[in-house]
Amino acid sequence: MPELPEVQTIINGLNSKVLGKEITKIIELRPGTVYRQFPITSLDNIISISRKGKYIILQTSSNYKLIIHLRMTGKLIFENDLTKTSNHARAEIVFSDKTKLIFDDVRTFGKIQILKFNEEVPALINLGVEPLSEEFNIIYLKNKLKNRKAPIKNALLDQTVIAGLGNIYVAEILFRAKVHPATSANNIKSTKLERIVSETKIILREAIKHNGTTISDYRNVEDKTGEFQNFLKVYGKKICKCGAMIQKIKQAGRTTYFCEECQR
DNA sequence: CTGGGAACCTGAAAGC
DNA sequence: TGCTTTCAGGTTCCCA
Ligand SMILES: [Zn+2]
(Lines give C-alpha, C1' and ligand atoms only; values in the text may rest on other atoms or scores of the structure.)
Protein backbone atom coordinates (compact mmCIF):
# COMPACT_ATOMS: atom_id res chain seq x y z
CA MET A 1 0.00 0.00 0.00
CA PRO A 2 2.15 2.85 1.07
CA GLU A 3 5.02 4.14 -1.02
CA LEU A 4 7.51 6.81 -0.03
CA PRO A 5 5.08 9.77 0.19
CA GLU A 6 2.62 7.80 2.31
CA VAL A 7 5.36 6.51 4.61
CA GLN A 8 6.76 10.04 4.92
CA THR A 9 3.29 11.32 5.83
CA ILE A 10 3.10 8.67 8.54
CA ILE A 11 6.58 9.63 9.79
CA ASN A 12 5.48 13.27 10.02
CA GLY A 13 2.38 12.21 11.96
CA LEU A 14 4.35 9.95 14.31
CA ASN A 15 6.82 12.75 15.04
CA SER A 16 4.00 14.99 16.20
CA LYS A 17 2.06 12.29 18.07
CA VAL A 18 4.45 9.83 19.72
CA LEU A 19 8.00 11.20 19.71
CA GLY A 20 9.35 11.04 23.27
CA LYS A 21 6.61 8.80 24.60
CA GLU A 22 7.49 5.86 26.81
CA ILE A 23 6.60 2.42 25.50
CA THR A 24 5.15 0.22 28.23
CA LYS A 25 4.38 -2.82 26.11
CA ILE A 26 4.03 -4.15 22.61
CA ILE A 27 1.08 -6.49 22.25
CA GLU A 28 1.05 -9.00 19.43
CA LEU A 29 -2.58 -9.63 18.54
CA ARG A 30 -1.83 -11.92 15.63
CA PRO A 31 1.09 -14.36 15.80
CA GLY A 32 3.83 -13.64 13.30
CA THR A 33 3.37 -9.87 13.32
CA VAL A 34 6.11 -8.99 15.79
CA TYR A 35 9.64 -10.41 15.63
CA ARG A 36 11.46 -9.89 18.89
CA GLN A 37 14.72 -11.41 19.95
CA PHE A 38 14.71 -9.03 22.88
CA PRO A 39 12.04 -7.90 25.31
CA ILE A 40 11.16 -4.24 25.20
CA THR A 41 11.03 -3.20 28.83
CA SER A 42 9.67 -0.09 30.38
CA LEU A 43 11.85 3.01 30.26
CA ASP A 44 11.98 2.68 26.51
CA ASN A 45 11.33 6.16 25.22
CA ILE A 46 11.04 6.83 21.51
CA ILE A 47 13.95 9.16 20.80
CA SER A 48 13.85 9.28 17.02
CA ILE A 49 11.44 8.49 14.21
CA SER A 50 12.67 8.16 10.64
CA ARG A 51 12.39 6.07 7.51
CA LYS A 52 14.58 4.41 4.92
CA GLY A 53 12.69 3.73 1.72
CA LYS A 54 9.38 2.31 2.91
CA TYR A 55 10.77 1.11 6.26
CA ILE A 56 9.77 3.01 9.40
CA ILE A 57 12.45 3.13 12.10
CA LEU A 58 11.69 4.01 15.73
CA GLN A 59 14.76 4.29 17.92
CA THR A 60 14.41 3.90 21.69
CA SER A 61 16.39 5.34 24.58
CA SER A 62 17.58 1.90 25.66
CA ASN A 63 19.31 1.31 22.33
CA TYR A 64 16.69 -0.77 20.63
CA LYS A 65 14.94 0.00 17.40
CA LEU A 66 11.62 -0.99 15.93
CA ILE A 67 11.59 -1.53 12.19
CA ILE A 68 8.08 -1.46 10.79
CA HIS A 69 7.04 -2.28 7.24
CA LEU A 70 3.42 -1.73 6.26
CA ARG A 71 3.56 -3.72 3.01
CA MET A 72 0.20 -3.51 1.20
CA THR A 73 -2.47 -2.72 3.78
CA GLY A 74 -0.68 -1.83 7.01
CA LYS A 75 -1.62 1.27 9.00
CA LEU A 76 -0.35 2.86 12.20
CA ILE A 77 -3.25 4.60 13.91
CA PHE A 78 -2.75 6.81 16.97
CA GLU A 79 -5.41 6.29 19.62
CA ASN A 80 -6.11 8.25 22.82
CA ASP A 81 -8.54 5.69 24.16
CA LEU A 82 -6.97 2.37 25.19
CA THR A 83 -10.33 0.60 24.98
CA LYS A 84 -10.68 1.41 21.27
CA THR A 85 -9.60 -1.12 18.68
CA SER A 86 -9.86 -1.61 14.91
CA ASN A 87 -11.16 -4.27 12.54
CA HIS A 88 -7.81 -5.78 11.68
CA ALA A 89 -5.58 -4.82 14.61
CA ARG A 90 -2.50 -7.10 14.48
CA ALA A 91 -0.41 -5.44 17.20
CA GLU A 92 -0.44 -2.50 19.58
CA ILE A 93 2.35 -0.27 20.88
CA VAL A 94 1.12 1.01 24.22
CA PHE A 95 2.49 4.15 25.90
CA SER A 96 2.73 5.12 29.56
CA ASP A 97 0.35 8.08 29.10
CA LYS A 98 -2.59 5.80 28.21
CA THR A 99 -2.28 6.28 24.48
CA LYS A 100 -1.27 3.73 21.85
CA LEU A 101 -0.48 3.03 18.23
CA ILE A 102 -2.62 0.36 16.61
CA PHE A 103 -0.91 -1.63 13.87
CA ASP A 104 -3.85 -2.53 11.65
CA ASP A 105 -3.28 -4.71 8.59
CA VAL A 106 -5.96 -6.51 6.59
CA ARG A 107 -3.65 -8.72 4.55
CA THR A 108 -1.16 -9.39 7.38
CA PHE A 109 1.94 -8.91 5.22
CA GLY A 110 3.19 -6.09 7.45
CA LYS A 111 5.76 -6.76 10.18
CA ILE A 112 7.30 -5.17 13.26
CA GLN A 113 10.88 -6.16 14.06
CA ILE A 114 12.56 -5.34 17.35
CA LEU A 115 16.33 -5.17 17.07
CA LYS A 116 19.38 -3.87 18.88
CA PHE A 117 20.09 -0.35 17.72
CA ASN A 118 23.25 -1.27 15.80
CA GLU A 119 21.84 -4.48 14.32
CA GLU A 120 21.47 -4.45 10.55
CA VAL A 121 18.92 -6.17 8.36
CA PRO A 122 19.76 -7.23 4.79
CA ALA A 123 16.80 -5.53 3.15
CA LEU A 124 17.78 -2.18 4.62
CA ILE A 125 21.47 -2.55 3.81
CA ASN A 126 20.69 -3.28 0.17
CA LEU A 127 18.36 -0.34 -0.38
CA GLY A 128 19.24 2.03 -3.20
CA VAL A 129 19.53 5.78 -2.75
CA GLU A 130 16.78 8.02 -1.46
CA PRO A 131 15.11 9.61 -4.49
CA LEU A 132 14.84 13.00 -2.81
CA SER A 133 18.53 13.11 -1.95
CA GLU A 134 21.36 14.63 -4.01
CA GLU A 135 22.72 11.12 -4.47
CA PHE A 136 19.86 10.34 -6.80
CA ASN A 137 21.03 11.87 -10.06
CA ILE A 138 21.61 10.97 -13.69
CA ILE A 139 25.07 9.55 -13.07
CA TYR A 140 23.84 7.24 -10.33
CA LEU A 141 20.84 6.09 -12.31
CA LYS A 142 22.73 5.50 -15.53
CA ASN A 143 25.27 3.39 -13.67
CA LYS A 144 22.61 1.38 -11.83
CA LEU A 145 20.73 0.61 -15.03
CA LYS A 146 23.64 -0.07 -17.35
CA ASN A 147 23.29 -3.86 -17.12
CA ARG A 148 19.52 -3.94 -16.82
CA LYS A 149 17.71 -5.06 -19.88
CA ALA A 150 14.44 -5.53 -18.00
CA PRO A 151 11.69 -2.96 -18.61
CA ILE A 152 12.31 0.42 -16.99
CA LYS A 153 9.04 -0.04 -15.06
CA ASN A 154 10.44 -3.10 -13.30
CA ALA A 155 13.85 -1.53 -12.70
CA LEU A 156 12.34 1.52 -11.00
CA LEU A 157 10.29 -0.72 -8.72
CA ASP A 158 13.48 -2.46 -7.59
CA GLN A 159 14.22 -1.10 -4.11
CA THR A 160 17.95 -1.72 -4.55
CA VAL A 161 17.91 0.81 -7.40
CA ILE A 162 15.81 3.51 -5.73
CA ALA A 163 14.38 3.23 -2.22
CA GLY A 164 10.71 4.03 -1.86
CA LEU A 165 9.07 3.97 -5.27
CA GLY A 166 6.06 1.69 -5.80
CA ASN A 167 3.55 0.80 -8.45
CA ILE A 168 1.58 4.06 -8.44
CA TYR A 169 4.44 6.52 -8.49
CA VAL A 170 6.51 4.60 -11.05
CA ALA A 171 3.56 4.72 -13.45
CA GLU A 172 3.12 8.44 -12.84
CA ILE A 173 6.84 9.17 -13.20
CA LEU A 174 7.08 7.36 -16.54
CA PHE A 175 4.00 9.17 -17.79
CA ARG A 176 5.39 12.58 -16.87
CA ALA A 177 8.80 11.70 -18.30
CA LYS A 178 7.09 10.41 -21.48
CA VAL A 179 8.85 7.06 -21.33
CA HIS A 180 7.21 3.81 -22.43
CA PRO A 181 7.21 1.41 -19.45
CA ALA A 182 8.38 -1.55 -21.55
CA THR A 183 11.58 0.16 -22.73
CA SER A 184 14.70 -1.74 -21.65
CA ALA A 185 16.24 0.14 -18.76
CA ASN A 186 19.72 0.13 -20.29
CA ASN A 187 18.36 1.47 -23.54
CA ILE A 188 17.00 4.82 -22.42
CA LYS A 189 18.58 8.01 -23.71
CA SER A 190 20.33 10.32 -21.26
CA THR A 191 17.82 13.10 -21.87
CA LYS A 192 15.02 10.73 -20.87
CA LEU A 193 16.91 9.46 -17.84
CA GLU A 194 17.35 13.08 -16.81
CA ARG A 195 13.60 13.54 -17.11
CA ILE A 196 12.96 10.45 -14.99
CA VAL A 197 15.23 11.82 -12.26
CA SER A 198 13.65 15.27 -12.22
CA GLU A 199 10.04 14.07 -12.50
CA THR A 200 10.63 11.59 -9.69
CA LYS A 201 11.70 14.37 -7.34
CA ILE A 202 8.86 16.65 -8.41
CA ILE A 203 6.07 14.12 -8.06
CA LEU A 204 7.29 12.76 -4.72
CA ARG A 205 7.45 16.27 -3.27
CA GLU A 206 3.98 17.07 -4.57
CA ALA A 207 2.58 13.81 -3.20
CA ILE A 208 4.08 14.45 0.24
CA LYS A 209 2.61 17.95 0.19
CA HIS A 210 -0.81 16.35 -0.40
CA ASN A 211 -0.34 13.71 2.33
CA GLY A 212 0.07 10.79 -0.04
CA THR A 213 -2.30 8.79 -2.21
CA THR A 214 -5.30 6.82 -0.93
CA ILE A 215 -6.71 4.33 -3.42
CA SER A 216 -8.42 2.16 -0.83
CA ASP A 217 -6.61 1.30 2.40
CA TYR A 218 -3.97 3.93 3.04
CA ARG A 219 -4.57 6.19 6.06
CA ASN A 220 -2.27 8.45 8.03
CA VAL A 221 -1.68 8.28 11.79
CA GLU A 222 -4.97 10.09 12.38
CA ASP A 223 -6.83 7.59 10.21
CA LYS A 224 -7.31 10.16 7.45
CA THR A 225 -6.92 9.62 3.71
CA GLY A 226 -4.36 11.38 1.53
CA GLU A 227 -5.34 13.70 -1.32
CA PHE A 228 -2.82 12.99 -4.06
CA GLN A 229 -5.18 10.46 -5.71
CA ASN A 230 -6.87 13.56 -7.12
CA PHE A 231 -3.72 14.45 -9.06
CA LEU A 232 -2.89 11.10 -10.66
CA LYS A 233 -2.59 11.13 -14.45
CA VAL A 234 -2.47 7.44 -15.41
CA TYR A 235 -2.64 5.05 -12.46
CA GLY A 236 -6.16 3.63 -12.34
CA LYS A 237 -7.31 5.91 -15.16
CA LYS A 238 -9.34 5.02 -18.25
CA ILE A 239 -8.65 7.96 -20.55
CA CYS A 240 -5.55 10.11 -20.93
CA LYS A 241 -5.78 13.89 -21.06
CA CYS A 242 -4.68 13.56 -24.71
CA GLY A 243 -7.88 11.66 -25.45
CA ALA A 244 -6.33 8.22 -25.95
CA MET A 245 -7.37 5.20 -23.91
CA ILE A 246 -5.01 4.36 -21.03
CA GLN A 247 -3.39 0.97 -21.57
CA LYS A 248 -3.26 -1.62 -18.80
CA ILE A 249 -0.59 -4.33 -19.00
CA LYS A 250 1.12 -6.81 -16.64
CA GLN A 251 4.83 -6.49 -16.01
CA ALA A 252 6.48 -8.96 -13.64
CA GLY A 253 3.10 -9.64 -12.07
CA ARG A 254 2.20 -5.99 -11.46
CA THR A 255 -0.31 -3.88 -13.37
CA THR A 256 1.18 -1.02 -15.37
CA TYR A 257 -0.93 1.89 -16.60
CA PHE A 258 0.37 4.06 -19.44
CA CYS A 259 -0.62 6.05 -22.53
CA GLU A 260 0.62 4.76 -25.88
CA GLU A 261 0.33 8.21 -27.41
CA CYS A 262 2.17 10.17 -24.72
CA GLN A 263 4.78 7.54 -23.81
CA ARG A 264 6.91 6.24 -26.65
C1' DC B 1 24.21 -10.89 -11.18
C1' DT B 2 19.65 -10.53 -13.58
C1' DG B 3 14.70 -11.44 -13.94
C1' DG B 4 10.32 -13.52 -13.54
C1' DG B 5 6.82 -16.40 -11.30
C1' DA B 6 4.84 -18.12 -7.00
C1' DA B 7 3.89 -17.46 -2.38
C1' DC B 8 2.39 -14.95 1.62
C1' DC B 9 -3.20 -13.31 3.18
C1' DT B 10 -7.79 -11.02 3.29
C1' DG B 11 -11.72 -8.81 1.32
C1' DA B 12 -13.91 -6.08 -2.30
C1' DA B 13 -15.39 -6.03 -6.91
C1' DA B 14 -16.21 -8.03 -11.19
C1' DG B 15 -17.74 -11.94 -13.86
C1' DC B 16 -21.01 -15.62 -14.75
C1' DT C 1 -29.40 -13.90 -6.18
C1' DG C 2 -25.30 -16.59 -5.26
C1' DC C 3 -20.96 -18.80 -6.49
C1' DT C 4 -16.38 -18.17 -8.64
C1' DT C 5 -12.63 -15.60 -10.21
C1' DT C 6 -9.72 -11.67 -10.27
C1' DC C 7 -7.38 -8.09 -8.27
C1' DA C 8 -4.86 -5.05 -4.79
C1' DG C 9 0.14 1.19 -2.81
C1' DG C 10 5.03 -5.10 -1.42
C1' DT C 11 8.70 -8.17 -0.55
C1' DT C 12 11.02 -12.54 -0.55
C1' DC C 13 12.23 -17.11 -2.02
C1' DC C 14 13.30 -20.19 -5.68
C1' DC C 15 14.72 -21.33 -10.13
C1' DA C 16 16.38 -20.49 -15.12
ZN1 LIG D 1 -1.90 10.43 -23.61
Side-chain angles (χ1 to χ4, degrees), chain A residues 1-11 29-33 35 51-56 67-76 86-91 103-113 121-128 131 143-174 181-187 200 203-204 206-208 210-220 224-238 248-257:
Chain A
M1 145 201 166
E3 306 180 32
L4 189 151
E6 293 74 44
V7 176
Q8 185 61 52
T9 302
I10 289 166
I11 295 296
L29 298 169
R30 179 186 165 112
T33 306
Y35 290 88
R51 69 158 184 84
K52 280 190 176 177
K54 301 169 193 169
Y55 294 82
I56 296 166
I67 297 180
I68 303 173
H69 201 299
L70 303 172
R71 296 287 183 100
M72 298 287 259
T73 54
K75 312 172 197 176
L76 284 173
S86 66
N87 287 348
H88 307 286
R90 307 305 187 195
F103 182 72
D104 182 286
D105 184 14
V106 171
R107 291 176 70 183
T108 72
F109 292 161
K111 294 287 177 282
I112 299 176
Q113 276 180 284
V121 292
L124 280 163
I125 294 171
N126 295 328
L127 285 177
N143 187 51
K144 270 287 183 182
L145 299 182
K146 68 183 178 197
N147 295 323
R148 298 290 199 114
K149 70 181 199 59
I152 184 65
K153 159 74 188 320
N154 301 357
L156 294 179
L157 273 183
D158 185 340
Q159 301 298 296
T160 69
V161 175
I162 307 168
L165 299 186
N167 211 31
I168 295 176
Y169 293 105
V170 167
E172 295 294 320
I173 289 162
L174 291 176
T183 315
S184 288
N186 62 358
N187 212 13
T200 296
I203 196 167
L204 293 180
E206 280 178 18
I208 291 167
H210 292 283
N211 303 307
T213 299
T214 299
I215 299 294
S216 57
D217 296 293
Y218 167 70
R219 297 293 186 282
N220 70 9
K224 290 187 187 145
T225 65
E227 301 93 44
F228 197 71
Q229 62 275 14
N230 301 318
F231 300 89
L232 299 178
K233 303 284 206 319
V234 280
Y235 185 89
K237 302 295 176 189
K238 296 264 195 286
K248 208 175 155 184
I249 59 173
K250 284 278 183 198
Q251 294 182 286
R254 314 293 304 277
T255 303
T256 302
Y257 293 86

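Here is how names work: the chains are called A, B, and so on, in the same order as the sequence lines, proteins then strands, and each is numbered from 1.
- Contact footprint of chain A on DNA chain C: nucleotides with an atom under 4.0 Å from a non-hydrogen protein atom, first to last in 5' to 3' order, C:dA8 to C:dT12.
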task: Quick one: do A:R219 and A:T225 satisfy side-chain contact (heavy atoms from CB on, under 4.5 Å)? Show the steps, please.
output: CA-CA 5 Å; A:R219 297 293 186 282; A:T225 65; 3.7 Å; yes
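- For the P atom pair drawn from C:dC3 and B:dC9, the interatomic distance equals 25 Å after rounding to whole Å.
- Each salt bridge (Lys or Arg N to Asp or Glu O under 4.0 Å) pair with one or both residues in residues 227-236 of chain A, not counting sequence neighbours, would appear here, but there are none.
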- prompt: In the 5'-to-3' direction, what one-character label does each nucleotide of nucleotides 3-16 of chain B receive under the scheme B = base within less than 4.0 Å of a protein heavy atom, S = sugar-phosphate only, - = no such atom?
  reply: SSS--BBBS-----
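- Contacts of A:Y235 with the nucleic acid, taken as non-hydrogen atoms under 4.0 Å apart, involve only primed sugar atoms and P, OP1 or OP2.
- Looking at residues two or more places apart in sequence or on another chain, you find no ring-ring contact (aromatic ring centres under 6.0 Å, His included) involving A:F109.
- Legend: residues meeting ring-ring contact (aromatic ring centres under 6.0 Å, His included) with A:Y35, ordered by chain and number and at least two apart, are absent.
- Residues passing the side chain to side chain donor-acceptor pair (under 3.5 Å) test with A:T213 are A:Y169, sequence neighbours excluded.
- The side chain to side chain donor-acceptor pair (under 3.5 Å) search around A:D158 returns A:R148, A:T160, not counting sequence neighbours.
- In this view, A:N230 satisfies the side chain to side chain donor-acceptor pair (under 3.5 Å) rule with no residue, not counting sequence neighbours.
- Among the atoms of the strands shown, none is found under 4.0 Å from any heavy atom of A:E6.
- Under the ring-ring contact (aromatic ring centres under 6.0 Å, His included) criterion, A:H88 pairs with no residue, sequence neighbours left out.
- Mapped onto DNA chain C by nearest heavy atom, A:K250 and A:H69 fall at different nucleotides, with A:K250 at the one closer to the 5' end.
- As judged by a 4.0 angstrom heavy-atom cut-off over every strand, A:T73 is placed among residues making no nucleic acid contact.
- Helical stems in DNA chain B, defined as runs of 3 or more consecutive Watson-Crick or G-U wobble pairs with both donor-acceptor distances under 3.5 Å, are listed by first residue as B:2-8 with C:10-16, B:10-16 with C:2-8.
- Every ring-ring contact (aromatic ring centres under 6.0 Å, His included) that A:F228 has, sequence neighbours left out, goes to A:F231.
- Residue A:L4 holds its CG atom at 10.0 Å from CD1 of A:I11, rounded to the nearest 0.5 Å.
- For A:A123, the side-chain contact (heavy atoms from CB on, under 4.5 Å) partners at least two apart in sequence or on another chain are A:Y55.
- Applying the 90° criterion around 0 to the glycosidic angle, B:dG4 comes out anti.
- When heavy atoms are screened at a 4.0 angstrom cut-off, A:Y55 is found touching the sugar-phosphate backbone but no base atom.
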